[in-house]
Amino acid sequence: MTENYVYVIIALLPLTASMLVFQTNPYHALVIRGILGAVSALVYAVLGAADVALTEALVGTLLSVALYVVAVRSSLVMRLGVHQDSTAGAEDVCFKEFKDELRAILGKRHLRLELVPYPDAQALHQALMTKEVHATCMGRPKHDKHSSGVGVAEKQPYQIAIRVKHLHDILQSELFSPATSLTYADVSEAIKTDLGTQDLGRAHL
Amino acid sequence: MNLILIALLLALLIPIYEAWQDDDIWQKMLAFASIATKTSILTLVISVLRDDWMIGVVGVIILSVGNAGLMLLAHLLRRMNYIGNEGTYD
């Protein structure tokens, strides 16, 4: 075990490990974790621990990275409940603009935006209350636009209710969209008085 | 034989640099595939160099199983990308 190349191979280990430590994006970090696994399997094999190398390659690189991708994918996401017709209609430039801006803000924090369509406003509200989604985006009803609230509907086409306090704070400080002029309905207090709101929903029914 | 090893190690540094620099996740996956294959080839070369069958078997297993894991990871990332871009709920 006095060959010189062994030292060069072992030096790869701290190199890839520091690459992993200084990576901020979780998905990129997982790929680099795979690289670290491959390099460390090489190091273990060169140093004579064949069983450790095999375990590192099979469990450390293959299984744990795959499981972590699934975990990160399902946890680092903001689920936004939307009205079904607002996702189907391609004519809605305003909604697309808002969606892109929201995606840019969330992308800075490595969050994904996932749109969950719901058939009507009642189902949307119910989904927010039962914590199926983190936020709902409700368009003002079309018939309102025709009858009386034309000005309001034109000025503020979308109403967003966010359940998560931290997310609400981030969006409130960063989501500047004067063209769409969004309103925020913070329902984080409503969660605490969950019973009361559920009664309210039942009264509406 | 040592010269071959040094050349392989230098070749291994190229995808490591690529994985460090590039911001695209697919470029990183490419670098990962390259590194995984190169390290197992390196293991095989060392096993020949030392005439050690034990390391050789480990190299073969890592070389063959690594591709399956890579395909699995790529599939998971691809579906994530699809959901993220299209904005549709699965």
Side-chain angles (χ1 to χ4, degrees), chain A residues 3-6 8-9 11-12 15-16 18-19 22-23 25 27-28 30-46 48-54 56-58 61-63 65-66 69-70 72-74 77 79-82 87 96 99 103 107 112-117, chain B residues 2 5-6 8-10 12-13 15-17 19-20 22-29 31-40 42-44 46-47 49-50 52-59 61-63 65-66 68-70 72-73 75-77 79-81 83-90:
Chain A
E3 300 102 326
N4 282 328
Y5 64 84
V6 172
V8 183
I9 290 174
L12 291 174
L15 183 74
T16 48
S18 57
M19 265 168 58
F22 292 117
Q23 183 60 246
N25 190 328
Y27 298 104
H28 293 187
L30 281 173
V31 174
I32 294 180
R33 172 69 183 82
I35 292 172
L36 176 66
V39 170
S40 59
L42 172 66
V43 170
Y44 298 148
V46 166
D51 50 344
V52 183
L54 206 54
E56 173 66 36
L58 294 182
T61 306
L62 211 159
L63 188 67
V65 168
V69 166
V70 173
V72 168
R73 200 179 71 161
S74 53
V77 63
R79 289 164 65 88
L80 180 67
V82 290
T87 53
K96 193 170 170 356
K99 208 169 64 179
R103 198 159 273 162
R112 278 189 309 120
L113 178 68
E114 190 177 302
L115 298 182
V116 190
Chain B
N2 262 333
L5 266 177
I6 296 300
L8 273 172
L9 278 169
L10 285 180
L12 181 59
L13 284 177
I16 286 180
Y17 174 76
W20 175 44
D22 220 303
D23 270 342
D24 186 19
I25 186 128
W26 295 112
Q27 294 285 329
K28 271 197 204 306
M29 286 293 290
F32 174 35
S34 177
I35 289 169
T37 313
K38 278 198 178 75
T39 48
S40 44
L42 208 53
T43 314
L44 286 175
I46 289 170
S47 79
L49 184 64
R50 291 187 187 168
D52 190 350
W53 272 83
M54 185 179 70
I55 298 177
V57 169
V58 168
I61 291 176
I62 291 175
L63 187 60
V65 174
L70 205 73
L72 186 64
L73 186 59
H75 249 280
L76 288 169
L77 288 173
R79 282 202 59 79
M80 179 205 77
N81 249 16
I83 293 172
N85 286 336
E86 297 296 313
T88 51
Y89 177 55
D90 182 25

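Residue numbers start from 1 in every chain, and the chains themselves are labelled A, B, ... in the order their sequence lines are given, proteins ahead of strands.
With sequence neighbours excluded, no residue satisfies side chain to side chain donor-acceptor pair (under 3.5 Å) with A/Thr16. For A/Asp51, the side-chain contact (heavy atoms from CB on, under 4.5 Å) partners at least two apart in sequence or on another chain are A/Ala49.
Heavy-atom pairs under 4.5 Å with chain B peak, among A/Leu30, A/Val70, A/Ile35, A/Val39, at A/Ile35. Across B/Ile6, B/Leu42, B/Asp52, B/Leu72, the residue that shares the most heavy-atom pairs under 4.5 angstrom with chain A is B/Leu42. Top candidate by heavy-atom pairs under 4.5 Å with chain B, chosen from A/Ala53, A/Ala50, A/Ala57, is A/Ala50. Chosen from A/Val31, A/Asn25, A/Leu80, A/Val43, the residue pairing most often with chain B at heavy-atom distances under 4.5 Å is A/Val31.
With a threshold of 4.5 angstrom between heavy atoms, B/Leu44 does not approach chain A through any atom at all. Of the atoms belonging to B/Leu70, not a single heavy atom falls under 4.5 Å from chain A. Only the side chain of B/Asn2 comes within contact range of chain A, judged by heavy atoms closer than 4.5 Å. The contact between A/Leu12 and chain B is made entirely by side chain atoms (from C-beta outward), counting heavy-atom distances below 4.5 Å. Of the atoms belonging to B/Ile16, heavy atoms from both backbone and side chain fall under 4.5 Å from chain A. Residue A/Leu63: no heavy atom, backbone or side chain, is found under 4.5 Å from chain B. Looking at A/Val69, only its side chain comes within 4.5 Å of chain B, counting heavy atoms on both sides.
Atoms CG and CG, on B/Leu12 and B/Leu8 in that order, are 8.5 Å from each other to the nearest 0.5 Å. The distance from the NE2 atom of A/His28 to the CG atom of B/Asp24 is 7.0 Å, given to the nearest 0.5 Å. Atom CZ of B/Phe32 and atom CG of B/Leu73 lie 6.5 Å apart (nearest 0.5 Å).
For B/Lys28 (side chain) and A/Ile32 (main-chain N/O), no donor-acceptor pair under 3.5 Å exists by modelled atom type. Although no hydrogens or angles enter the test, the distance criterion places no donor-acceptor pair under 3.5 Å between the side chain of A/Arg73 and the main chain of A/Tyr27.
Residues A/Leu15 and B/Trp20 are not in side-chain contact: their nearest non-hydrogen atoms beyond the backbone lie 4.5 Å or more apart.
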